[in-house]
*Asks:* 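Dumping the structure here so I can ask a few things about it.
Computed from heavy atoms alone, side chains included, the values below leave out hydrogens, waters and symmetry copies. It should be emphasised that the depicted structure is a prediction, and the values quoted were computed from it without experimental measurement. The chain is numbered in sequence order, starting from 1.
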Amino acid sequence: MEATGIISNVSRNILSYPAVEPAECDQRRLGPRPSIFSLERGGGSKRGAACLVHASNRIAGGAVGMQTMGEVNPRIPADSRGRFGCYGGRFVPETLITPLRKLEDAFSKLIEDSSFQIELQVLLRDYAGRESPLYYAEKLSNYYKEVGAGVEIYLKREDLIHTGSHKINNAIGQALAAKKLGYEHAVAATGAGQHGVAAAAACARMGLSCTVFMGTRDMERQPHNLLQMRALGAEVRSVEGNFKDAASQAIREWVSNLDTSFHLSGSLVGPHPCPSMVGEFQSVIGKEVRRQATERWGAGKLPDVVLACVGSGSNAMGIFSEFLGDQKVRLIGVEAAGLGLGSGRHSATLAKGEVGVFHGSMSYLLQDDYGQMTDPHSIGVGLEYPGVGPQLSFLKDIGRVEYYTVTDAEAVNVPDKCSLACAPAAFKRLCALEGIIPALEASHALAFLDELCPQLPHGSRVVVNVSGRGDKDAEMVLGHKQ
């Protein structure tokens, strides 16, 4: 591919990074910064477990300023080099280090700026429609009680927020930051289209022009959101492939226009400080749940379990972050097993992935024996990404978050094996019992209730993050084979 300027520096390196060997995971964090930008390929280690033990030992020893599982700071801030344990960082060309450091400094100052925070809170309240309800799903709870699971299920209704998902929390925060920093244009990438719609809306509100990159496969599956982005004034550019390909192109566009464009990331991906920014703006979800729980159940009362779907991880990190220091609260992330973990057609990065570098950050990745990214699959388009955020990778290693998987069939159709007498799958069940249409992404978390609820003590309180609404998925669900 012919390219000029900074983009040629990226392209000529094929945007790859050597395989991550166990002894190198921690050493690389402390060693020289590589002058590459991992966009197209990810390097991985087939002995990743040893790398993780090595990294955990460093963490426990205090070498990186992080905490062990019993001492997790609820904010889990990145260290001085943008790492969570050995994950995250800035695996980018030297020419990007200064812009990223400037962005990190500016972001840190804005977060501490009371006027910025007041303006953001007003926008979240009056424009985005926060706070979202913590809804007691009485009929869904009774459904599980009928089969012997005496749990109380509460839904964090992010589906009711403006643009239909949690994505607006981060989009409005970053768009406001971009405006404060003097940018007039924002670049974004989207998979299911939820972040694209949120970015388009937030940029319209802030007076920014907006370009959204979207994979051709995702455009075919999410025409509803495609139309919404265009209606909100965004320029939508197609990229052959899916979200990972769109994200690569969005970063290229940003790199070639650093002085005029702001990269409005919607996921826990990309070089530091991008994952930290998204995590910070999404933390409003967990903060609200904590406050709502104490108001509803009494002082000091918290959920027994907090449950969320996991793609790249923005909604999960948003609701988990507030409870990381509360060891009595189980935090459970549910990945997409697609057609089954043994099929090779899934998006279960934390269940099946290995450590590598992609899109400028180290995390768990789905990759082949040669370190090439494999193509993820899920009926929930927003879960199709071959990587996961560095925060969630770190939380896996220290054991603070449990991760499980749910297949396409369990999320939508009648499961092949079901502990609840083959009841209707999660998407259809919530529609029928509560009159709520969940996004297919959130349906994966709801589907895990089948396995979780019978194992919980009577009276346990479970909060499920319904990260988005499912009108975008109705056509896909109705056409999905039984």
*Asks:* Provide the full list of ring-ring contact (aromatic ring centres under 6.0 Å, His included) pairs with a residue in residues 188-215, sequence neighbours left out, each pair given once.
*Replies:* none

*Asks:* Apply side-chain contact (heavy atoms from CB on, under 4.5 Å) to Glu288 and list each qualifying residue two or more places apart in sequence or on a separate chain.
*Replies:* Arg130, Glu131, Ser132, Lys156, Val284, Arg291, Gln292

*Asks:* Using the test ring-ring contact (aromatic ring centres under 6.0 Å, His included), find all partners of His263 that sit at least two apart in sequence or belong to another chain.
*Replies:* Trp254

*Asks:* Scan for salt bridge (Lys or Arg N to Asp or Glu O under 4.0 Å) pairs involving residues 160-181, sequence neighbours excluded, and state none if there are none.
*Replies:* Glu119-Lys180

*Asks:* Tell me, please, which residues at least two apart from His162 pass ring-ring contact (aromatic ring centres under 6.0 Å, His included).
*Replies:* Tyr127

*Asks:* Among all residues two or more places apart in sequence or in another chain, which pass the side-chain contact (heavy atoms from CB on, under 4.5 Å) test with Ala200?
*Replies:* Leu232, Ala234

*Asks:* Residues in salt bridge (charged side-chain N to carboxylate O under 4.0 Å, His left out) with Glu295, at least two apart?
*Replies:* none

*Asks:* Could you list the residues that satisfy ring-ring contact (aromatic ring centres under 6.0 Å, His included) with Phe448, not counting sequence neighbours?
*Replies:* Tyr404

*Asks:* Does anything in residues 206-226 pair up under salt bridge (Lys or Arg N to Asp or Glu O under 4.0 Å), and if so which pairs, sequence neighbours excluded?
*Replies:* Arg217-Asp375, Asp218-Arg221, Arg221-Glu384

*Asks:* Residues two or more places apart in sequence or in another chain: which of them pass side chain to side chain donor-acceptor pair (under 3.5 Å) with Arg330?
*Replies:* Glu402

*Asks:* Sequence neighbours left out, what passes ring-ring contact (aromatic ring centres under 6.0 Å, His included) with Tyr154? Give chain and number order.
*Replies:* Tyr136, Trp297

*Asks:* Identify, with sequence neighbours excluded, every residue that meets salt bridge (charged side-chain N to carboxylate O under 4.0 Å, His left out) alongside Asp471.
*Replies:* Arg469

